[in-house]
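As structure tokens, the structure follows; a few thoughts come after it.
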Amino acid sequence: SPSRASILTGKYPARTNLTEWLGGRPERDYEKLHHGEKLTALHDEEQTLAETLHQHGYATANYGKAHLNKDPRTYGKLKELGLEKNSIIVFTSDNGGMAASNQYRGINHPRATLNSRFASSNLPLRGAKGWNYEGGIRVPVIVHWPGEIQPNSTSHAIVTGTDHYPNLLEMLSLPALPDLHVDGRSFVPALKAEDYDRGPIYWHFPHYSNHGFQSPGGAVRCGRYKLLEYYENGTVQLFDLENDIGEQNDLAKSKPEITQKLKKMLHDWRDKVDAKMPYPKTATSKPAP
């Protein structure tokens, strides 16, 4: 839900306060923190990418999981209609592969059960869906834009879900709406093999995760470095992703200046977007709304 909301609004989930899947995970007695305050639906006043496209004469539709008797092969559900050369296709994902199943706990399960629950490996990346390590957040972006970008070209540009809103507007030669997609940056220059640096990217998840039972935390990626913060105890990790894509060598203590710089960036960003934080449980405390 947060990923879908960021694509539709061009805003970080922390800014819209839609930070967990709708419905959400119940709190557990053994957890140290209450989850951060959150929404259970996207506010009606948000002007989504779909609504903006409607204003310019486009028809839009929103499909759930396919689960049909025929594969939804879009390039093929387009080639048959002669539209493949006049269509933009963006293929991406909202998270890395699942390597620790929802709600999974326990031992002595049959091998078939384990195989079905631990369904993927993201090696050499660390972690998986529900984690702030690269295995949870580094995903493919493949763009089909005939006549505009070099076929089979690649880019090392860093982009995120908020960027699709302004990017598609620019691809369609429509005016940008920076007051709406305030956290998004168009990556058309990267698609055209031009110099591109979108600046830092932030993550904020003030909840406990179903996947691997990760504690609440956040992260910031700035250039080659990425810092993760764990909200239960305030500890951090720092990784150089250019030299350590598997996030095995924590540099937080050996590079204190970079650690403090990124930690301050993450905290300043949370203040800027009014990110809701988890808070300690006490004998009289109650869960956030």
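All heavy atoms count here, side chains included; hydrogens, waters and symmetry mates do not. In this chain, numbering begins with 1 at the start of the sequence shown.
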Practice prompt. Check ring pair (Phe, Tyr, Trp, His ring centres under 6.0 Å) between Tyr165 and all other residues, then give those that pass, not counting sequence neighbours.
Written response: His181

Worksheet item: Partners of Trp269 by ring pair (Phe, Tyr, Trp, His ring centres under 6.0 Å), sequence neighbours excluded?
Response: Tyr12, Tyr202

Discussion item. Would you say the ring centers of His35 and Tyr279 fall short of 6.0 Å from each other?
Written reply: no

Worksheet item: Less than 6.0 Å separating the ring centroids of Tyr58 and His56?
Response: no

Qualifying salt bridge (Lys or Arg N to Asp or Glu O under 4.0 Å) pairs, either residue in [range], two or more places apart:
range            : answer
residues 214-237 : Glu134-Lys226, Arg224-Asp240, Arg224-Glu242, Lys226-Glu247, Glu229-Arg270
residues 168-190 : Arg15-Asp183
residues 142-167 : Glu148-Lys192, Asp163-Arg198
residues 49-62   : none

Please report the interatomic distance [atom1]([X]) to [atom2]([Y]), rounded to the nearest 0.5 Å.
X      : Y      : atom1 : atom2 : answer
Asn243 : Asn249 : CG    : CG    : 9.5 Å
Leu191 : Glu194 : CG    : CD    : 9.5 Å
Leu22  : Leu42  : CG    : CG    : 9.0 Å

[X] side-chain N/O to [Y] backbone N/O, donor-acceptor pair under 3.5 Å:
X      : Y      : answer
Thr162 : Lys11  : no
Asn167 : Val188 : yes
Thr259 : Ala252 : yes
Asp250 : Leu238 : yes
Thr48  : Leu8   : no
Ser6   : Ser3   : yes

Item to complete: Applying salt bridge (Lys or Arg N to Asp or Glu O under 4.0 Å), run through Lys38 and Glu20 and close with a yes or a no.
Response: CA-CA 7 Å; Lys38 60 184 180 181; Glu20 191 180 24; 2.4 Å; yes

Worksheet item: Side chains of His207 and Tyr231: do they bring a donor and an acceptor to under 3.5 Å?
Response: no

Item to complete: For the residue pair His34 and Ser285, confirm or rule out a side-chain donor-acceptor distance under 3.5 Å.
Response: yes

Discussion item. I'd like to check Leu227 versus Gln237 (side-chain heavy atoms, cut-off strictly below 4.5 Å). Are they in contact?
Written reply: no

